[in-house]
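Beneath this line is the structure, given in structure tokens, with notes to follow.
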Amino acid sequence: MGAGVQSSAVLLLACEGVIPRFDVALFADTGWEPRAVYANLARLRAHAAKFGIPVRTVSAGNIRDDALDPAHRFVSMPLHVLNPDGSRGLARRQCTSEYKISPLKKAARELLGYPHPRRVPRGVYVEQAIGISTDEFTRAKDSGVKYLRNVFPLIDLGWDRTRCADYLAERGFGETVKSACIGCPFHGNAGWRWIRDNDLDGWAQAVEFDKAIRDGYPHATKQGQELRGKYFLHRSCRPLDEVDLDLPAPGKRHLRLASAKAVEEDDPDGCSPWSCRSGAAVTEERAA
Ligand code: SF4
């Protein structure tokens, strides 16, 4: 669970017995979520504990610290790239796999009693409930490994995101915000505005990070990898603190997203480990 709207709703539904109870809920922490997400996580953890559902945090490190650490292995975030010839691109996205999928798989194996490198016997598996709502059903995907079977309770219930938000509000969790790294390059202007206006420290970190990665990751540079072009967190390929976030993002006409509103309003669902729409949605069509 990411502690955003849909996964919070799924956890509460399990607490109430509307869907089967969970043995455990897992939060994959990239270490760089907005303060409001961690606050919601703490509330969810306390709430679920009353129903005997432990909420565990799993982590592969701090994505921000790791990215800026010249000594850390290079893990690519989907940074926006301005190439020397003026064309634009998107760096590879390895972060979701590294910081979310890997620690979740590791935890699942441990829960089953077959930690890596032990082979998980055929027929032994974890059933993993994922908060995908009906308005985003195309994100419902298999896990890709036999020991993890994904199920989608919100789709089974016919709940869309609005229904989830209403349900959370009814249960006193109306302040739930979307979950995604503070410095996620997939934020639209609305996402950046939210951080700027609601998480001052997070905004300062994002601006600082944006400047720090202008010529690529320190580790890659240190290894002598030739990094061409300039790297940015904002899709306009401009310094984050110079973008007018109150305007629709430039270049949106060229992005294959559901609608212009989706670009402006961001991916409202955050970065789901198993079906991160962000990565699939932004295919390279941008002109210089
Ligand atoms: S939220 Fe963005 S930066 Fe964070 S893991 Fe997902 S895609 Fe990567």
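All values below were derived from every heavy atom in this structure, side-chain atoms included, with hydrogens, water molecules and symmetry-related copies excluded. One-based numbering, in listed order, for ligands and for the atoms of each. Treat the numbers as computed from the prediction; the structure is a model and nothing was measured.
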**Study point:** Qualifying side-chain hydrogen bond (donor to acceptor under 3.5 Å, both in side chains) pairs with a residue from residues 48-61, counting only residues at least two apart or across chains
**Key:** Arg45-Thr57
Study note, to complete from the structure: For Arg93, the atoms of ligand 1 under 4.0 Å from one of its heavy atoms are 7 (S)
Exercise for review: If a pair satisfies side-chain hydrogen bond (donor to acceptor under 3.5 Å, both in side chains) and one of its residues is in residues 120-131, list it, with sequence neighbours excluded.
Suggested key: Tyr125-Arg149, Gln128-Asn150
Exercise for review: Would you verify whether the NZ or CZ of Arg43 falls within 45 degrees of the ring axis of Phe173 while also being under 6.0 Å from that six-membered ring's centre?
Suggested key: yes
Point to revise | Backbone or side-chain N/O/S of Cys184 under 2.8 Å of atom 2 (Fe) of ligand 1 | key: yes
Revision key, fill the gap. Here the pair of heavy atoms bringing Pro78 nearest to Cys95 is CD-SG, 3.6 Å
Check your understanding: Relative to atom 3 (S) of ligand 1, which among Cys181, Ala180, Gly183 owns the nearest non-hydrogen atom?
Key -> Cys181
